[in-house]
Undergrad: 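Below you'll find the structure I mean.
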Amino acid sequence: MNDLSALLLRPIDLVSEPPFELGSCMVHPASLEVVWPDGGCKLEPRVMQVLVALNRRRGSPLSREDLSRLCWEGRVVGDDALVRCIVKLRKVFQRDSAVEIGSIPKVGYRLRLLSVAAAAAPSAPTPALRPSWRSPPWILAGAAVAIAALGVGAFVVMQPPGALAAEDARPLTSEPGVETHPALSPDGRMIAYAGGGGYGTQRDIFLRGVADGTPIRLTNTPEDEMAPAWSPDGRSIAFVRRVTDAPCEILVAPVPQGEPRVVGRCALEAMTRLAWTRDGELLLSDRPTRTAVRRIRALNPETGRMRDVTSPPPDSLGDSDPVVTHRGDRLIFRRAFSHGVGDLYTADVSGAGQRALTSDGWKAVGYAFTADDRSVVFSTRRGGDSGLWSVNVERPATPVRLSLGLLDFGRLSADQHGMLAVEAGDYRSNLFAWRAGAAPVVLTDGNTSDWDPDLSSTGQLVFVSDQTGEPEVWIKRGEGASMRVTDLKGSNVFSPRWSPDGRSLAFIAARDRRTDVYRINADGSGLRRVTSDGAARGDLAWDSNGDLVVPTFRGAVWQVERIDPQGRILVVPNTAGVQIIKSAGVRGLYAVKGDDDRLWRLVEAGAVPASPLVRINHDTVWAPSRDGVYHLVGAPGGETVLRLTTWDGVSSDVESLGTVGLRHSLAVSPTQDIVAARMVRDETDLRAIRLVRR
């Protein structure tokens, strides 16, 4: 250990610590004082030690283990003690916007000084990945989760009297694999959920007591079943069944046992979330026709008749995930405006009285009404981690944080007695390279998630990673370490692509409710926003002339736009419906449309069907190459098979890649190396949190 490392890891003795400047204040560790020009305050000794430790590593993350060694002399302490110190420090430095004490999920904490301009600007919250069902990372289990759960009672952010608070957490499930889609019964005594082996495997519906008890398997079929919802009288559970190459089915099963029956089918969507109204209708999200925007619809389970509830704007990406009040008379849903940008809306179950509850564009992963139906609690990555927030239904204002993001929170369910059931998870994917006949090569091996890779003509790798808590663009050259090249703090970053000469990158980022194209030099310099209209956009590509070709959603229609090096935008004719574009190198550009499984070739006159005919499954990842189109195809047991369809139309399986993130992109190098995001951890458990008004 060198002298600097020894100094940084030396236990903190406040008496010998010199004063230091922090933002606009002076910190005096020996006297426990933080002093601003207009006054000051005193900190508890342990809180001051944590502040000194974070300041020693200013700008760099410090793990919980390091903080324990520095501030508790290596004694084992629960997360509650550490989180209590972090909460108190954040409260103290609320008055100094230049000081940021941030959480880095699964890593620890970091103290940063923001520039004057950044401190003065409105803070931009942070992303959801697991992206749109990217939808992103999941759940901690075992001892790590148990330790983290101890901190839930302490991660409550201090609120004024009468405000909502989250406390008293405990585990509800701890089986291996994933438990998702929690649904608390109306009386709060039972919980239904979807459980299975993990990513790529099918799930069944389970039922168990909230207090204790052995899970009861409600379904046992080869199909993937999810999204249980209790009827208002607690006698039935509705759930969704995914059907291969067909829209989803809606089923209802009597509780505690009985044969499920199909009561309806989605028109087009493969999955949805369900909610019952007080009149016995089932709400779901679907598109009535291929040209329609997804909206909330109501299904009568007795007659099978369907009606529209919401009417989203035609220039939006539609409405999804309905949740109903405990009274069954009002709903909340998420409206998407582009990939990674969405807000919560509320309306009567009839569809009347629609209005926005949030307006900052940070996608809520899960949400539920409180017991009194006055507030909505939701999970989101706004603020840099996946914490819990709340907003008043009758008087919407700026959302209020309820918890720090110690766990990655997902979907929520609440009963009428103040109990909240939440998904909490640990989802991690790293990048691997495959070459025919050789063992896979590890390209990244962090504790967070890496995805969306692309390879340059010179072998450089670019990808998206949440190593710093938010999705940012990273690059890796040869055997060297990965290097972050952006610091956007946006709600979504996707489709990073190398220019043909390998000197620059283009990507799409969602910031401040706007989705735009950005360019940056390969060394991280020269970042600039290429577009400024904020329109929804799909995966982009470069053409051989150095122009960017980008699917864009305007006037309720997807079409391709060409952006030249001077930033001029031209619409490419005959490209209506194109949502994804990929480069096959010297073979040119290929595309898919939203409601057409044929592969299209982009030429100067527009999009023409590829010849011979190649079909693309919209639920799989694909990439064109000089030899044909590679696909990642799910196989039994969660395995993923790499399949090649040659340009002659012949398909064959190349090899098994293990458990791969199918939702993320696939990269093919000029030498036919394959790079994809491989799952290294996928664990989701359910936890119970008590909601109270202080």
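The first residue of the sequence shown is numbered 1, and numbering continues consecutively from there.
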Undergrad: To the nearest 0.5 Å, how far apart are CG in Leu632 and CG in Leu642?
TA: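 Result: 6.0 Å between the selected atoms.
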Undergrad: State which residue, out of Asp454, Thr486, Val517, Val464, fulfils the side chain to side chain contact (heavy atoms under 4.5 Å, CB included) condition with Phe507.
TA: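 Result for side chain to side chain contact (heavy atoms under 4.5 Å, CB included) with Phe507: Thr486.
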Undergrad: Below 4.5 Å, heavy atoms only, C-beta onward: do Phe239 and His181 meet side chain to side chain?
TA: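 Not touching, per the 4.5 Å side-chain cut-off.
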Undergrad: If every non-hydrogen atom of Val365 is compared with every non-hydrogen atom of Gly410, which pair is closest and at what distance?
TA: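 Where Val365 meets Gly410 most closely, the heavy atoms are CG1-CA, 3.8 Å.
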Undergrad: When you look at CG of Asp245, are more than 12 heavy atoms from neighbouring residues, nucleotides or ligands closer to it than 6.0 Å?
TA: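 Result for CG/Asp245: open.
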Undergrad: Nearest 0.5 Å please: distance from the OG1 atom of Thr458 over to the CZ atom of Arg477.
TA: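 Here the interatomic distance stands at 8.5 Å.
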Undergrad: Using side chain to side chain contact (heavy atoms under 4.5 Å, CB included) as the criterion, list what pairs up with Asp653, not counting sequence neighbours.
TA: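 So Asp653 forms a side chain to side chain contact (heavy atoms under 4.5 Å, CB included) with Val641, Arg643.
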Undergrad: Do you know the tightest heavy-atom contact between Val293 and Gly318?
TA: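 Reported closest heavy-atom pair: CG1-CA, 3.3 Å.
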Undergrad: Could you tell me whether Arg242 and Glu223 make a salt bridge, using a distance below 4.0 angstrom between a side-chain N and a carboxylate O?
TA: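 Answer for the salt bridge query: no.
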Undergrad: According to side chain to side chain contact (heavy atoms under 4.5 Å, CB included), who are the partners of Ser338, at least two apart in sequence or on a separate chain?
TA: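 For Ser338, the residues satisfying side chain to side chain contact (heavy atoms under 4.5 Å, CB included) (neighbours in sequence not counted) are Val341, Thr515, Ala536.
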Undergrad: Salt bridge between Lys489 and Asp487, side-chain N to carboxylate O under 4.0 Å?
TA: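 The answer is yes: the pair qualifies as a salt bridge.
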Undergrad: Please assess Leu527 against Ile520 for the test side chain to side chain contact (heavy atoms under 4.5 Å, CB included), listing each intermediate value before the final yes or no.
TA: CA-CA 4 Å; Leu527 175 67; Ile520 191 170; 4.1 Å; yes
Undergrad: Answer with yes or no whether the side chains of Asp627 and Ser625 bring together a donor and an acceptor at under 3.5 Å.
TA: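 The answer is no; no qualifying pair exists.
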Undergrad: To the nearest 0.5 angstrom, please state how far the OG atom of Ser320 sits from the CZ atom of Arg334.
TA: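 One gets 4.0 Å once the value is rounded to the nearest 0.5 Å.
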Undergrad: So that I can tick it off, tell me whether Asp452 and Arg497 are bridged by a salt bridge, with the cut-off set at under 4.0 angstrom between side-chain N and carboxylate O.
TA: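 Between Asp452 and Arg497 there is a salt bridge, with a charged N closer than 4.0 Å to a carboxylate O.
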Undergrad: Is any side-chain heavy atom of Val654 closer than 4.5 Å to a side-chain heavy atom of Tyr630?
TA: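 Val654 vs Tyr630: side chains touch.
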Undergrad: Verify the neighbour count for atom CG of Asp597: are there more than 12 heavy atoms of other residues, nucleotides or ligands below 6.0 Å?
TA: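 Atom CG in Asp597 is packed in, count exceeds 12.
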Undergrad: To the nearest 0.5 Å, tell me how far Ile216 CD1 sits from Leu218 CG.
TA: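 With rounding to 0.5 Å, CD1 (Ile216) is 8.5 Å from CG (Leu218).
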Undergrad: Tell me, with the steps shown, if Tyr193 and Arg411 meet side chain to side chain contact (heavy atoms under 4.5 Å, CB included).
TA: CA-CA 11 Å; Tyr193 59 91; Arg411 301 176 187 88; over 6 Å; no
Undergrad: Please test Val549 against Val560 for side chain to side chain contact (heavy atoms under 4.5 Å, CB included), starting from the C-alpha separation and ending with a verdict.
TA: CA-CA 7 Å; Val549 187; Val560 178; 3.2 Å; yes
Undergrad: Any idea which heavy atoms bring Ser651 and Thr645 closest together, and the distance?
TA: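 Heavy-atom minimum between the residues: OG-OG1, 2.8 Å.
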Undergrad: Find out whether Leu412 and Pro182 are in side-chain contact, i.e. whether some heavy atom of one side chain is under 4.5 Å from a heavy atom of the other.
TA: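 Answer no - side chains too far apart.
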Undergrad: When you measure from the side chain of Asp543 to the backbone N and O of Asn545, does any donor-acceptor pair fall under 3.5 Å?
TA: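 Yes, because the side chain of Asp543 sits within donor-acceptor range (under 3.5 Å) of the backbone of Asn545.
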Undergrad: Return the minimal non-hydrogen interatomic distance between Phe337 and Gly342, and the atom names on each side.
TA: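 Of all heavy-atom pairs spanning Phe337 and Gly342, the closest is CD1-CA, 4.3 Å.
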Undergrad: Has Asp539 got a side-chain atom pairing as donor or acceptor with Ser495's backbone, closer than 3.5 angstrom?
TA: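 A pair under 3.5 Å: no.
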Undergrad: Sequence neighbours left out, what passes side chain to side chain contact (heavy atoms under 4.5 Å, CB included) with Leu461? Give chain and number order.
TA: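 Leu461: side chain to side chain contact (heavy atoms under 4.5 Å, CB included) contacts with Leu431, Leu443, Pro453, Leu455, Phe463, Lys476, Val675.
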Undergrad: State, without any angle test, whether Asp523 and Ser525 hold a side-chain donor-acceptor pair at a distance under 3.5 Å.
TA: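 Distance-only check passes for Asp523 and Ser525.
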Undergrad: Counting C-beta onward and ignoring hydrogens, is there a side-chain heavy-atom pair between Ile475 and Leu505 closer than 4.5 Å?
TA: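 Of all side-chain heavy-atom pairs linking Leu505 with Ile475, at least one is under 4.5 Å.
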Undergrad: Looking at Ala522 and Val485, what are the two nearest heavy atoms and their distance?
TA: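 So the two residues come closest at O-CG1, 4.5 Å.
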Undergrad: Once rounded to the nearest 0.5 Å, what's the spacing between atom CG of Leu274 and atom CE of Met226?
TA: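 Output value for this atom pair is 10.0 Å.
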Undergrad: Are Arg203 and Glu225 ion-paired here, with the side-chain N under 4.0 Å from a carboxylate O?
TA: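 The answer is no: the pair does not qualify as a salt bridge.
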Undergrad: Are Ser583 and Trp498 packed together at the side-chain level, in the sense that at least one heavy-atom pair is separated by less than 4.5 angstrom?
TA: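 In short, these two side chains do not touch, never coming nearer than 4.5 Å.
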Undergrad: Drop me the distance from Asp204's CG to Asn220's CG, to the nearest 0.5 angstrom.
TA: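 Answer for the CG-CG pair, Asp204 versus Asn220, is 5.0 Å.
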Undergrad: Please determine, by modelled atom types, if Ser174 and Asp685 share a side-chain donor-acceptor pair under 3.5 angstrom.
TA: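 Ser174 vs Asp685: no donor-acceptor pair found between side chains.
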Undergrad: If we only count heavy atoms from C-beta on, is the Lys363 to Asn492 side-chain gap below 4.5 Å?
TA: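 No, every pair of side-chain atoms sits at 4.5 Å or beyond.
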Undergrad: Measure the shortest side-chain to side-chain distance between Arg678 and Trp434 over non-hydrogen atoms and say whether it is less than 4.5 angstrom.
TA: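 They are in side-chain contact.
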Undergrad: Do Tyr590 and Lys582 come close enough that some side-chain heavy atom pair is under 4.5 Å?
TA: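 With C-beta onward as the side chain, the pair stays apart.
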Undergrad: Using a 6.0 Å distance limit plus a 45 degree cone around the ring axis, check whether Lys593 lies over the aromatic ring of Trp558.
TA: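 Because its charged atom misses either the 6.0 Å distance or the 45° angle limit, Lys593 does not stack over Trp558.
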Undergrad: Any chance CZ of Arg503 has more than 12 other-residue heavy atoms, nucleotides or ligands included, within less than 6.0 Å?
TA: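 It does not: Arg503 CZ has 12 such atoms or fewer within range.
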Undergrad: Which atoms form the tightest heavy-atom contact between Ser457 and Pro500, and what is the distance?
TA: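 Heavy-atom minimum between the residues: OG-O, 3.4 Å.
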Undergrad: Hey, is the main chain of Pro573 close enough, under 3.5 Å, to the side chain of Gln559 for a donor-acceptor pair?
TA: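 No; zero donor-acceptor contacts below 3.5 Å.
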Undergrad: Check whether Ser379 reaches the backbone of Gly366 with its side chain - one donor and one acceptor, N or O, closer than 3.5 Å.
TA: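 Yes, Ser379 side chain to Gly366 backbone: donor-acceptor pair under 3.5 Å.
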Undergrad: For Arg537 and Thr531, what are the C-alpha separation, side-chain angles and deciding distance, and is it a side chain to side chain contact (heavy atoms under 4.5 Å, CB included)?
TA: CA-CA 11 Å; Arg537 291 180 163 87; Thr531 64; 3.6 Å; yes
Undergrad: Main chain of Ser504, side chain of Ser499: is a donor-acceptor contact present, judged purely on distance under 3.5 Å?
TA: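 It does hold such a pair.
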Undergrad: Are Thr221 and Thr219 linked by a side-chain donor-acceptor pair shorter than 3.5 Å?
TA: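 No, no side-chain donor-acceptor pair sits under 3.5 Å.
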